[in-house]
Structure formats: structure tokens, C-alpha cells
Amino acid sequence: MRSTFCLTILSAGALLIPCAPLFAQIDYRNLDDDRPTRVEDAYPVERYAFEALLPYRVDRQVDGTTIHSVVPELSYGLLRNTQFGLRLPVAVVDGPGSTRTGLSGIRVFGLYNFNTESRSLPALSLRLDGAFPVGSLAGDRARVAIKAIATRSWGKNRIHLNGAYGFGADGAAAAAEGLPRWWLGAAIDRTLFRQSTLVVGEIYLLHSVRGAATEVNATVGARYQWTPTTVFDLGVSRRLRAAAGPDIAVTVGISHAFAIPGLMPGRSSR
């Protein structure tokens, strides 16, 4: 079991090998979904850029079950203000008397930023996600979700609002990276002075399936830009209601932005 899980991590890590350098970025300000907060900002990756992410999350639940997950993700800025992506979550569920390992579904998504932040309006985006029950820990439900995203800046601070609703039948949920019935969240972040570091805090409400208790959770985290194209993130989450939510969850991740010259119009493939 452990050897399989480690092999998956190493294979996913190959996604982070750079193919070609991108232009200089301040990628640490780009809040990605669950990296380290559930709330994300309204900005996609740059046009013709790839972004590979490799987060690890450990989630200790109220019933004593611990879920370890690695979620390799690859996004691509196919069009201006538009990105598409793929996630392949792998999980280990360590419950009382048993341990299970497997793929926790397949996630595909697209995000379109239809308004760049201006003096009168925030940055606004729509995101569409699809989750498919592929793998031994993927549950038995397919679901599609639509999310509205807004980001507003003032100085070194930004505020983000997210709201999502999922369509599809209720059933057994995926062990990791499942799409809930609905959720609402708000986050605020701040760029530290003369440092490539962002600190962020969020509160969100989440309802997984009809009839389940609504979760109220909080997260604090940070993103640090190690190089112009490589970012580390760390986050800690905790439930604010006794009825539902993670007893405690920790996320650690790395992301790397790169470009493939042959896919960039007007640039040499050398």
C-alpha cells in the first residue's frame, strides 16, 4: 500500500519538471482552489502557460478517520482569460480497523475571467467543474458544479467571495476532492512588505448532500514564491461547528508554472 502511494507521488512529481521558463511572475498572489484555501481568486493562469500543482493534505475527521490525499493537477491557459485543468486525486483512508488506497475520481474544470478588476467593479469569473466516479475511492456519483468568483483589491490587501452549486444525484461521496451540493466562502489576503509571501484567512459554509449537516470551517494559510515560477503553500483548517467538518486538516503543496515553446504562437520551438 505505502509503496503504491509513494510511487503515485513520485509520478505526479514529474509534472513539476520545467519544460521552458515563463516570463517573470508574481504567482504567489494567485490563490488556487484548495491551495491552501477553498476560496480562490478570479484570475486564471497566463495565456499559453501551464501550471502544475502537487498538494498533499491530511484530514482528521470527527469519527477518528484520517484521510491522506495527493492531488496532482495540471492547468493550461488555452485562451485569453481562460484556463482548463485536470485533477487526479489519490487517497489513503485510514479508518478504525481498515485502510484503503485508491483513485478518488477524476476532476476536470474550466475558468473564464470575464471582467478584469477596475475602479468600479471587482474581477469576476465563472468556473465549471465536473467530477466523475472513477476509482475505488471515488464514490458512486457524478456531479457538475458552477462557481461564481469575485476579487477586489485595495493596496496590499484583497478580498475574495466564492459561491458554488452542484448538480447531480446524491450518493456515496468521494474520499477526497468531491464536489459538494453547495458552498459559500469569503477570504482576505495580504501581501507582506518586500517579501514574496501572501497570508490568507477564510471562512466557508459547505453542504455535501441533502440532509447532511452544514459545515462551517475556517482556514489560515500562506503562499511563498521560492522562484519566479515556483510557489510553496501551507494551510490549516478547522471546523467551527461540532456537528460537521474536519477536526483538523493540513495542506502542503508546491506549484510550478512553465511554457512549452511549440505551443506559444510566434515563438521558436527551439
Do R87 and D33 sit within salt-bridge range, that is, some charged N less than 4.0 Å from a carboxylate O? yes
Which value, rounded to the nearest 0.5 Å, describes the distance between Q83 atom CD and S75 atom OG? 4.5 Å
Near L161 CG, under 6.0 Å, is it more than 12 heavy atoms from other residues, nucleotides or ligands? yes
Under 4.5 Å between any side-chain heavy atoms of T197 and Y28, yes or no? no
Nearest-0.5 Å distance that lies between atom CH2 in W183 and atom OG in S208: 14.5 Å
Check against side-chain contact (heavy atoms from CB on, under 4.5 Å), T82 and L111: CA-CA 6 Å; T82 306; L111 183 147; over 6 Å; no
Would you say V108 and F132 make side-chain contact, with heavy atoms under 4.5 Å? yes
Using 0.5 Å steps for rounding, measure from the CZ atom of F109 to the CG atom of D129. 7.0 Å
Ignoring hydrogens and angles, tell me if any N or O in the side chain of R152 forms a donor-acceptor pair with the backbone of L121 under 3.5 Å. yes
Carboxylate-amine/guanidinium contact R223 D189, below 4.0 Å: no
Once salt bridge (Lys or Arg N to Asp or Glu O under 4.0 Å) is applied, do any residues pair with D34, and if so which ones, sequence neighbours excluded? none
Rounded distance (nearest 0.5 Å) linking atom CG of N30 with atom CG of D41: 5.5 Å
Parallel, tilted or perpendicular: rings of F258 and H256 (30°, 60°): parallel
Return each pair, listed once, that meets side chain to side chain donor-acceptor pair (under 3.5 Å) where at least one residue sits in residues 137-147; pairs must be two or more places apart or across chains. E40-K147, R143-D170
In terms of side-chain geometry, is the basic nitrogen of E73 or R35 positioned less than 4.0 Å from the acidic oxygen of its partner? yes
Verdict with supporting geometry, F50 and Y76, ring pair (Phe, Tyr, Trp, His ring centres under 6.0 Å): CA-CA 4 Å; F50 287 91; Y76 178 56; 4.4 Å; yes
Could you grab the distance from atom OH of Y48 to atom CD1 of I260, nearest 0.5 Å is fine? 14.0 Å
Let me check something: do L86 and L128 share a hydrophobic cluster, defined by ILVMFWY side-chain heavy atoms less than 4.5 Å apart, either directly or through other members? no
Going through the distances and angles, do W182 and L205 end up as a side-chain contact (heavy atoms from CB on, under 4.5 Å)? CA-CA 8 Å; W182 61 263; L205 287 75; 4.1 Å; yes
Exam field: side chain S104 to backbone A176, donor-acceptor pair closer than 3.5 Å: yes
Under a 3.5 Å threshold, yes or no: a donor from one side chain and an acceptor from the other, between D94 and T99? yes
Strictly by modelled atom types, are T151 and E117 linked by a side-chain donor-acceptor pair under 3.5 Å? no
Side-chain donor-acceptor pairs under 3.5 Å in residues 209-217, sequence neighbours left out?
| residue | atom | partner | partner atom | Å |
| --- | --- | --- | --- | --- |
| T214 | OG1 | H207 | ND1 | 3.1 |
| E215 | OE1 | N217 | ND2 | 2.8 |
| N217 | ND2 | Y204 | OH | 3.2 |

Hey, are the side chains of I254 and T230 touching, using non-hydrogen atoms and a 4.5 Å cut-off? yes
L103 vs L137, test: side-chain contact (heavy atoms from CB on, under 4.5 Å). Steps then yes/no. CA-CA 6 Å; L103 186 65; L137 297 179; over 6 Å; no
Is there a donor-acceptor contact under 3.5 Å linking the side chains of R29 and T191? yes
Would you find a donor on one side and an acceptor on the other, under 3.5 Å apart, between the side chain of Q225 and the backbone of P228? yes
When rounded to the nearest 0.5 angstrom, what distance separates CG in L54 from OH in Y56? 12.0 Å
Using the side-chain contact (heavy atoms from CB on, under 4.5 Å) rule, take V39 and I149 through it: C-alpha gap first, then chi angles, then the decisive distance, then the call. CA-CA 9 Å; V39 171; I149 307 168; over 6 Å; no
Between F114 and L126, is there a side-chain heavy-atom distance shorter than 4.5 Å? yes
With a 4.5 Å limit on heavy-atom distance, are the side chains of I188 and V200 in contact? no
Measure the shortest side-chain to side-chain distance between I67 and V58 over non-hydrogen atoms and say whether it is less than 4.5 angstrom. no
Any pair counted as salt bridge (charged side-chain N to carboxylate O under 4.0 Å, His left out), so long as it reaches residues 48-58, sequence neighbours left out: R57-D59
Side-chain donor/acceptor of T219 to backbone N/O of S237, under 3.5 Å: no
Sequence neighbours left out, what passes salt bridge (Lys or Arg N to Asp or Glu O under 4.0 Å) with R239? Give chain and number order. D247
Within 6.0 angstrom of R80 CZ, more than 12 heavy atoms from elsewhere: no
Test question: given the 4.5 Å side-chain rule for I, L, V, M, F, W and Y, name all other residues clustered with V71, or answer none. none
